[in-house]
Amino acid sequence: DILVIHRDSLTPHPYLATRFNEGAPTISPDGRWIAYVSRESGRAEVYLGTFPNASGGRQVVSTQGGTEPVWSRDGQTLFFRAGNGELTARAVHAGASMTLGPVRSVLKDGYERNPDGANYDVAPGGGSFVMNTTQPVNNRIVWILNAVPDQR
């Protein structure tokens, strides 16, 4: 389940509480949307919903399984790990409702997976990443530059 804690009261209340396993929440930079992972389809998928009220609707972002959602700093792209292990991205067009661009591959496998949250972050501008790697480099942090061509 996903809980929200308002700094005024510090009392948690449910954002999403179902019989399915939900987690890895990340709020969009404008605070209007939330991406999270749910297993309600039988496998982990990335969902996008309204925030702070879940009753405004939601949609599936991933198409073949997904985990580790991370927003770009401008809120126009949502990155996530696809079911095949690739880091992927979808353009996000927010207005009165949310529309999504096509899923595009960003990086092949090679960084450490974490189903409970992202083991990477996106640099401002969205073309570079900092991530943990699974390659034998003595647990170094890897900085990948110019990985994402602008294809919105």
Side-chain angles (χ1 to χ4, degrees), residues 1-8 10 12-16 21-39 44-135 137 139-152:
D1 294 338
I2 298 173
L3 303 175
V4 175
I5 300 174
H6 292 282
R7 65 180 166 196
D8 298 339
L10 299 180
H13 69 275
Y15 167 79
L16 189 62
N21 185 11
E22 297 101 12
T26 180
I27 300 170
S28 66
D30 68 3
R32 296 177 49 212
W33 307 96
I34 185 171
Y36 61 91
V37 176
S38 175
R39 294 190 173 275
E45 296 282 2
V46 175
Y47 289 81
L48 186 61
T50 57
F51 189 83
N53 189 339
S55 65
R58 69 183 185 128
Q59 57 186 310
V60 180
V61 175
S62 53
T63 58
Q64 301 283 324
T67 58
E68 302 179 61
V70 173
W71 289 95
S72 63
R73 298 297 187 261
D74 63 8
Q76 295 181 10
T77 305
L78 185 63
F79 296 90
F80 60 96
R81 181 189 286 278
N84 65 3
E86 291 183 16
L87 182 63
T88 58
R90 285 192 87 169
V92 176
H93 308 285
S97 64
M98 179 70 67
T99 59
L100 300 171
V103 175
R104 25 183 200 101
S105 178
V106 176
L107 293 171
K108 301 292 183 196
D109 203 5
Y111 68 95
E112 189 173 320
R113 295 179 187 205
N114 185 354
D116 297 322
N119 267 348
Y120 68 96
D121 200 6
V122 182
S128 302
F129 302 87
V130 175
M131 57 186 57
N132 292 335
T133 180
T134 58
Q135 306 305 317
V137 291
N139 295 321
R140 292 184 191 149
I141 294 175
V142 177
W143 182 265
I144 300 174
L145 301 173
N146 302 319
V148 183
D150 188 15
Q151 297 180 9
R152 292 186 195 158

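The shown structure was predicted, so the numbers you read here are calculated from the model rather than taken from an experiment.
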### Task
Name the orientation class of the two ring planes belonging to Phe51 and Tyr15 (parallel below 30°, tilted from 30 to 60°, perpendicular beyond 60°).
tilted

### Task
Kindly say whether Gly101 contributes a backbone atom to a donor-acceptor pair with the side chain of Arg90 at under 3.5 angstrom?
yes

### Query
Taking all atoms of both residues into account, what is the closest heavy-atom pair of Val46 and Pro69, and its distance?
CG1-CB, 4.0 Å

## Note on the structure
Correct closest heavy-atom pair for Glu68 and Val37 would be N-CG2, 4.1 Å

### Query
Which pair of non-hydrogen atoms, one from Ala44 and one from Thr67, has the smallest distance, and what is that distance?
CB-CG2, 3.8 Å

### Task
Report yes if some heavy atom in the side chain of Asp1 is under 4.5 Å from a heavy atom in the side chain of Glu22; otherwise report no.
yes

#### Entry: Worked check of side-chain contact (heavy atoms from CB on, under 4.5 Å) between Thr50 and Trp33
CA-CA 5 Å; Thr50 57; Trp33 307 96; 3.6 Å; yes

### Query
Atom OH of Tyr36 and atom CG of Leu16: how far apart are they, to the nearest 0.5 Å?
5.0 Å

#### Entry: Shortest non-hydrogen separation from Val70 to Ala118 and the atoms involved
CG2-CB, 3.3 Å

### Query
Does any N or O in the side chain of Glu45 come within less than 3.5 Å of the main-chain N or O of Gly65, such that one atom is a donor and the other an acceptor?
yes

### Spatial distance of atom OG1 (Thr88) from atom CZ (Arg81) [nearest 0.5 Å]
9.5 Å

### Message
Does any part of the side chain of Met98, heavy atoms only, come nearer than 4.5 Å to the side chain of Arg32, both counted from C-beta?
### Response
no

### Query
Parallel, tilted or perpendicular for Phe129 and Phe79, by the 30°/60° rule?
perpendicular

### Task
For Pro25 and Ile34, work out which heavy atoms get closest and say how close.
CB-CD1, 3.8 Å

### Query
Quick one: CG on Leu78 to OG1 on Thr26, what's the gap to the nearest 0.5 Å?
7.5 Å

### Query
Taking all atoms of both residues into account, what is the closest heavy-atom pair of Ser62 and Phe80, and its distance?
CB-CE1, 3.6 Å

#### Entry: Close side-chain approach of Thr77 to Val122, heavy-atom, < 4.5 Å
no

### Query
If you round to the nearest 0.5 Å, how far is CG of Leu87 from NZ of Lys108?
11.0 Å

### Message
Within the 4.5 Å heavy-atom criterion, are Arg73 and Asp121 side-chain neighbours or not?
### Response
yes

